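Reviewing the structure listed below.
For clarity, every value in this text was computed on a predicted model and none was experimentally measured. Numbered from 1 within each chain, the chains take letters A, B, ... in sequence-line order.
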There are 2 protein chains.
Amino acid sequence: MAISNSNNRFNSKLTSQCQNCSLSALCLPIALADEDVNRLDQIIERKRPLKKGEMLFHQGEEFDSVFAVRTGTLKTFNITNSGEEQITGFYCPSELVGLSGIDENHYPVSAKALETTTVCEIPFSHLEQLSSQIPSLKHQLFRLMSRKICDDQQMMVLLGKKNADEKVASFLLNLSHRFKKRGYSATSFRLSMSRGEIGNYLGLAVETVSRVMTRFQKNGLIDVDGKEISIINLPEMEKLVGAAGECATIEHV
Amino acid sequence: MAISNSNNRFNSKLTSQCQNCSLSALCLPIALADEDVNRLDQIIERKRPLKKGEMLFHQGEEFDSVFAVRTGTLKTFNITNSGEEQITGFYCPSELVGLSGIDENHYPVSAKALETTTVCEIPFSHLEQLSSQIPSLKHQLFRLMSRKICDDQQMMVLLGKKNADEKVASFLLNLSHRFKKRGYSATSFRLSMSRGEIGNYLGLAVETVSRVMTRFQKNGLIDVDGKEISIINLPEMEKLVGAAGECATIEHV
DNA sequence: TTGGCTTGATGACTTAGATCAATTATTGAG
DNA sequence: CTCAATAATTGATCTAAGTCATCAAGCCAA
């Protein structure tokens, strides 16, 4: 747990990297002056990689940082009163985890690595201070939180109104969009989560996820090989999902 | 639509009221210096009341303000591709609507009054500027957005994992908490939304909402008289819901 | 390489909640 | 106040998806 490096960074080679990080355009999609990126960079701690199954933080723990995923994938989840896990989100590189902890100063969810995962730790109090000095950073933070609200509400629509086919199709297309945004193939990718985790997230039984995917494959919509997914008929998939798999129906950049 | 009053306020008697507003402790639950409250007050516009059914803003419209509900109730909703309405939230006095518009600079949802409703309009650009000068206001904003994320995720759990009884019970207790927080009875209140709207919000058919409420009444959990609800057996209701009807399982104040 | 363990696929059956249909309350416009 | 329109309740089916059970396929440890 303790990071041996005295300056509290995982590896000195990893310091001062926001400038070079291929994710910064997503993680910081704003024109920060070099000097400002540097200041942000100063407060960020790169942590040692988490192994599959390791926890980043636990539900109820005191909140002090948000985390940007650099590589790998995380899931966040609640343990419900009946003891079952409810997954509330999956986090891919460039995405920020932990924002829900700000309000109560405790994380309301746990975060666990689905595979070997590295994150940048951003102490929130520092980030908040810095945001006072860099208005564009503050605005970026508001935007990120607003987007999260937006995305979660789309998820609410999905859970409340969509049937199993639409849920699975939405899920796959949502991942596709996220891969594409990071410069990967939008049509061919590997699922880092199990069928069980997909079902849990989508409010479906494992068997249903499995059946839907099999049927999608039979109908030539996708090709499934274990965790490897290829989207064969993207237009048809999009038709299935209906309009907005993303936050707004209108695309603004 | 246009506000006749030249200073763009509904009524001069309504200006400079944050200090007096009974909601400010909820709307601004922070120790703002008098002077700071004044500055916030300056940027707020009190609008003329909305009549039942009137829109506050439309999905797709340009975002420029968030709104604090003063009296009445609002709902926010999406129109899905298939043309049906999906309600994403209900907003009671002291609650803030419109935060999801920050990201894309357009409201991703529409907001409509469920009854005669008054709101304070808070131009976001001003609020953001002001938040640079008043750190506690900035922090409060982060907290509000974080809480919204938290609440929405609880809603996702509700939609994904709960059965009809649990959904309806959660909904009623959630309202109960919100009324209580504003100093009203936690056990006796009037629903400003129709059964149809409740069902839409909870991912249930109207008939199911109706049946569940009837059954709750038969079992002595609640008393229903049209839109008037009394919670008779609060402990049993809470048991039904399970643990967290609120954001975190742990209550911090 | 084997054998235990987890994950995924598939079939048979059950069920919670949707849908359809009919009836009774409420509401509100004139 | 009256009557049409709308909302809510209630009952009778129907169905999408859950549950249970079994089997196949990876996958790692020894």
Using a 4.0 Å cut-off on protein heavy atoms (strictly under), produce a 5'-to-3' string for nucleotides 25-30 of chain C with B for base contact, S for backbone-only sugar-phosphate contact, and - for none.
------
I'd like to know if A:R215 pairs up with A:D165 as an ion pair, taking the criterion as any Lys NZ or Arg NE/NH1/NH2 lying under 4.0 Å from an Asp or Glu carboxylate oxygen.
yes
Rounded to the nearest angstrom, tell me the gap between atom CZ in A:R195 and atom P in D:dA24.
19 Å
Write down the distance between CD1 (A:I198) and C1' (C:dT7), rounded to a whole number of angstrom.
12 Å
Nearest whole Å is fine: how far is D:dA17 P from A:L204 CG?
7 Å
Students often get this wrong, so: under 4.0 angstrom with heavy atoms, is B:G203 touching a base, only sugar-phosphate, or nothing?
sugar-phosphate
In terms of relative ring orientation, are A:F57 and A:Y107 parallel, tilted or perpendicular, with 30° and 60° separating the classes?
parallel
Phosphate OP1/OP2 of D:dT10 contacted by B:T214 side-chain N/O (<4.0 Å):
yes
Looking only at atom types and distance, does a side-chain atom of B:H106 sit under 3.5 Å from a main-chain N or O of B:G60, one as donor and one as acceptor?
yes
Note: for B:D165 and A:M193 on DNA chain C, the residue whose nearest nucleotide lies more 5' is A:M193
When you check the gap from the basic side-chain N to the acidic O, do B:K75 and B:E197 get nearer than 4.0 Å?
yes
Quick one: B:E84 CD to C:dA18 C1', roughly how many Å, whole number?
13 Å
Please produce a list of atom pairs where a protein N or O lies less than 3.5 Å from an N or O of nucleotides 20-23 of chain C.
unit_1, atom_1, unit_2, atom_2, d
C:dC20, N4, B:E207, OE2, 3.0

Without decimals, in angstroms, what is the distance between A:L191 CG and C:dT7 P?
15 Å
Can any side-chain N or O of B:S230 pair as donor or acceptor with the backbone N or O of B:I232 at less than 3.5 Å?
no
Under 3.5 Å, is there a donor-acceptor pair between the side chain of B:S170 and the main chain of B:E166?
yes
Length of the line joining B:K218:NZ and D:dT9:P, which is rounded to integer Å:
12 Å
For B:Y184 together with B:F189, are the ring centres under 6.0 Å from each other?
no
Does A:S210 place a side-chain N or O at less than 4.0 Å from the phosphate oxygens OP1/OP2 of C:dG8?
no
In whole angstroms, how far is the P atom of D:dG11 from the CZ atom of B:R215?
13 Å
So, are B:R190 and B:E115 salt-bridged, with charged N and O less than 4.0 Å apart?
no
Thinking salt bridges, do B:D152 and B:K148 make one under a 4.0 Å N-O criterion?
yes
Rounded to the nearest angstrom, tell me the gap between atom NZ in B:K167 and atom P in C:dA18.
7 Å
